[in-house]
Peer 1: 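If you scroll down you'll find the structure; I have some questions about it.
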2 protein chains.
Amino acid sequence: MSALPIAAVERDTGIPKDTLRVWERRYAFPQPVRDDKGERLYPAEQVEKLRLLRRLLDQGHRPGNIVSASTDALAALLEPTSERGRTPSDPGIAALIELVRLHRSAELRATLQQHLVKLGLQRFVAELVAPLSRAIGEAWLQGEIGVAEEHLFTEQVQNLLRSSINSLGPSGRPPRVLMTTLPGEEHILGLLMVEATLAPEGVQCISLGAQTPLADITQAARDGRFDIVAVSFSAAFPARRAFLAIEQLRDALPESIALWAGGAALQGKRKRIDKVQQIAQLDDLLNALAAWRKTN
Amino acid sequence: MSALPIAAVERDTGIPKDTLRVWERRYAFPQPVRDDKGERLYPAEQVEKLRLLRRLLDQGHRPGNIVSASTDALAALLEPTSERGRTPSDPGIAALIELVRLHRSAELRATLQQHLVKLGLQRFVAELVAPLSRAIGEAWLQGEIGVAEEHLFTEQVQNLLRSSINSLGPSGRPPRVLMTTLPGEEHILGLLMVEATLAPEGVQCISLGAQTPLADITQAARDGRFDIVAVSFSAAFPARRAFLAIEQLRDALPESIALWAGGAALQGKRKRIDKVQQIAQLDDLLNALAAWRKTN
DNA sequence: GCTCATTGTTTGTCCTGGACAAAGTGTTGA
DNA sequence: TCAACACTTTGTCCAGGACAAACAATGAGC
């Protein structure tokens with residue numbers, strides 16, 4: 001079986017090199033082989049267990065309790081939560097997840113399209129895409145679906161949303177909104193959901209996609225005379241870093257440009273930041289928009 | 001002015017922490033301030049210079065010669081190449097770059113759309129998007145446009161391509177192609193160009209988007225009964241890592257599934273890999289497709 | 001019983017300084 | 001002009017120590 005060097009393990013599992021080494025020192029796991037240069041080589045099974053560990057950490061477990069446990073014990077930890085925390089989801093959503101799981105991309109696309117036509121863009125996002133994304137995220141945590149399935153889902157939804165938004169055509173009304181995610185956040189579904197909610201209201205949305213450095217955001221916001229900068233954070237993004245980055249961005253932006261921030265990473269944290277509009281749910285977006293239009 | 005900790009600099013510049021420290025040791029640059037814990041804090045000007053350095057490294061310069069040079073000297077290094085290597089580009093392309101530079105997103109979108117309708121999807125990609133992407137990449141290296149502008153461009157093109165591909169509707173003919181990029185490669189325009197070229201030929205393209213781990217690709221390729229796995233590499237991806245990863249992927253895939261690899265990172269490198277179809281240009285794609293259909 | 005402040009433990013990230021192979025450069029000989 | 005060789009540069013890895021922030025446990029007061 002193949003074994004990976006430490007840099008590859010970092011890329012594959014998302015666990016930083018420093019952390020991998022310190023776990024080895026403290027918990028005696030992982031225990032990579034060494035090559036002739038004395039460098040770590042992680043066997044495939046250990047990488048697999050590391051991925052499992054990362055899922056458990058995202059669920060709120062702590063390293064000290066789980067890193068040195070056996071793979072079987074870890075697998076057992078996944079089950080109980082899956083019964084306790086399982087959202088009794090809509091049958092429509094369960095059916096869609098099943099399509100994702102089975103790689104039935106053609107049917108998935110058709111079914112989503114159907115819902116889109118039936119509900120209209122805004123309700124499609126609020127009532128279907130949002131809960132479905134959450135459910136997919138949970139299913140990934142539970143190990144019920146893999147990375148490939150999650151990617152497949154994201155791509156299909158992205159295609160639909162982008163097509164719909166694109167077909168709305170350009171708008172001339174204010175506000176002008178600049179949308180992006182910050183460095184380290186690569187998930188853009190949240191951004192697209194925001195755009196799909198705002199664009200039908202005649203808002204001019206310009207997206208920069210994922211991971212724009214702070215300096216470039218502020219520069220672009222000034223140059224493009226934007227009224228609002230909107231950033232989004234997925235559940236995978238550490239809340240602490242999110243608040244830090246938002247504060248930095250707020251400081252760097254001129255006061256005249258509003259900053260809107262939302263996404264799962266900020267949910268449930270009571271912390272508020274001065275002069276930042278926090279968006280807890282998609283509904284808040286339309287309220288915030290109405291408020292902006294009233295005062296401008 | 002604000003100063004960034006080492007992790008933020010790594011994210012913003014793409015230069016690994018280890019490299020930042022070793023440059024400081026060897027070339028006396030950067031020279032970050034220390035906070036009260038003794039940790040590095042990089043002033044904004046130094047981060048700016050680091051970004052400039054990265055552009056120069058991508059152009060082929062070597063650290064020893066440039067890291068300790070003054071910012072002015074570095075800026076001077078950019079100019080000469082810009083005259084020497086400047087592609088005498090199509091006036092249409094130059095006009096589009098200008099729109100990107102000026103953030104005229106509405107006009108950019110309209111102009112692209114115009115070209116798309118005029119040329120048709122496949123020629124639009126081959127004759128406009130491909131050279132334009134190259135030109136944008138070069139303009140970024142020269143510092144003529146920033147990260148935000150590049151992102152803006154990518155988003156607009158993505159919207160158009162995804163809409164067009166989406167409107168083609170599903171196809172039932174073989175081959176089935178699984179497309180993605182490997183971990184570390186986040187640019188997906190190349191992938192979309194491939195899809196836009198193949199889809200009109202009735203090929204069933206399923207994209208997983210960016211950065212799918214190797215294990216998940218092979219798993220998905222088997223589960224979905226794909227005939228071909230296609231991966232793409234941007235110019236920013238180090239060629240060496242690309243070849244390494246391709247070999248690994250080839251080994252992990254069953255022989256019955258073909259592997260196609262292409263993109264700027266592989267251009268000009270004579271190296272060939274056994275049992276891998278290398279795609280140098282978009283034209284090759286259609287040849288490779290014809291060849292596949294002939295023998296299957 | 002519950003809330004809030006305080007103390008102790010866990011954990012990720014940063015530090016220094018050393019090592020080494022792979023990639024790049026220059027030189028020599030055919 | 002090309003190939004083989006030695007020399008230099010450069011990124012990445014290693015060990016082992018340190019520390020603050022996040023978290024858990026404890027106790028006091030109501």
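The basis for the numbers below is simple: all heavy atoms, side chains too, and nothing from hydrogens, waters or symmetry mates.
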Peer 1: Nucleotide by nucleotide, 5' to 3', does protein get under 4.0 Å of the base (B), only the sugar-phosphate (S), or neither (-) in nucleotides 20-25 of chain C, counting heavy atoms?
Peer 2: -SSSSS
Peer 1: Please list, in numerical order, the residues of residues 16-24 of chain B that have a heavy atom closer than 4.0 Å to any atom of DNA chain D.
Peer 2: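 Those residues are Pro16(B), Asp18(B), Thr19(B), Val22(B), Trp23(B).
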Peer 1: Round to the nearest Å and state the distance from Leu4(B) atom CG to dC14(C) atom C1'.
Peer 2: 16 Å
Peer 1: Give the rounded distance in Å between these two atoms: CD of Glu10(B) and C1' of dC14(C).
Peer 2: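 Nearest whole value for this atom pair: 12 Å.
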Peer 1: For the pair made of CG in Asp35(B) and P in dC14(C), what is the distance, rounded to whole Å?
Peer 2: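 One finds 11 Å between P of dC14(C) and CG of Asp35(B), rounded.
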Peer 1: Return the value, rounded to whole Å, for the distance between atom CG of Leu244(A) and atom P of dA21(D).
Peer 2: 11 Å
Peer 1: Gln46(A) and Phe29(A): side chain to side chain contact (heavy atoms under 4.5 Å, CB included), yes or no, with the steps?
Peer 2: CA-CA 9 Å; Gln46(A) 297 197 21; Phe29(A) 181 88; 4.1 Å; yes
Peer 1: So, is Arg40(A) near the phosphate of dC14(D), with a side-chain N or O under 4.0 Å from OP1 or OP2?
Peer 2: yes
Peer 1: Could you state the atom-to-atom distance from NE2 of His61(A) to C1' of dT10(C) in whole Å?
Peer 2: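 About 16 Å, once rounded to whole Å.
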Peer 1: Take atom OH of Tyr27(A) and atom C1' of dT10(C), then tell me their distance rounded to the nearest Å.
Peer 2: 6 Å
Peer 1: Rounded to the Å, how far apart are Asn65(A) CG and dT9(C) P?
Peer 2: 15 Å
Peer 1: Please confirm whether the shortest side-chain N or O distance from Arg34(B) to OP1 or OP2 of dT16(C) is below 4.0 Å.
Peer 2: yes
Peer 1: Round to a whole Å and report the spacing from CG of Leu57(A) to P of dT10(C).
Peer 2: 16 Å
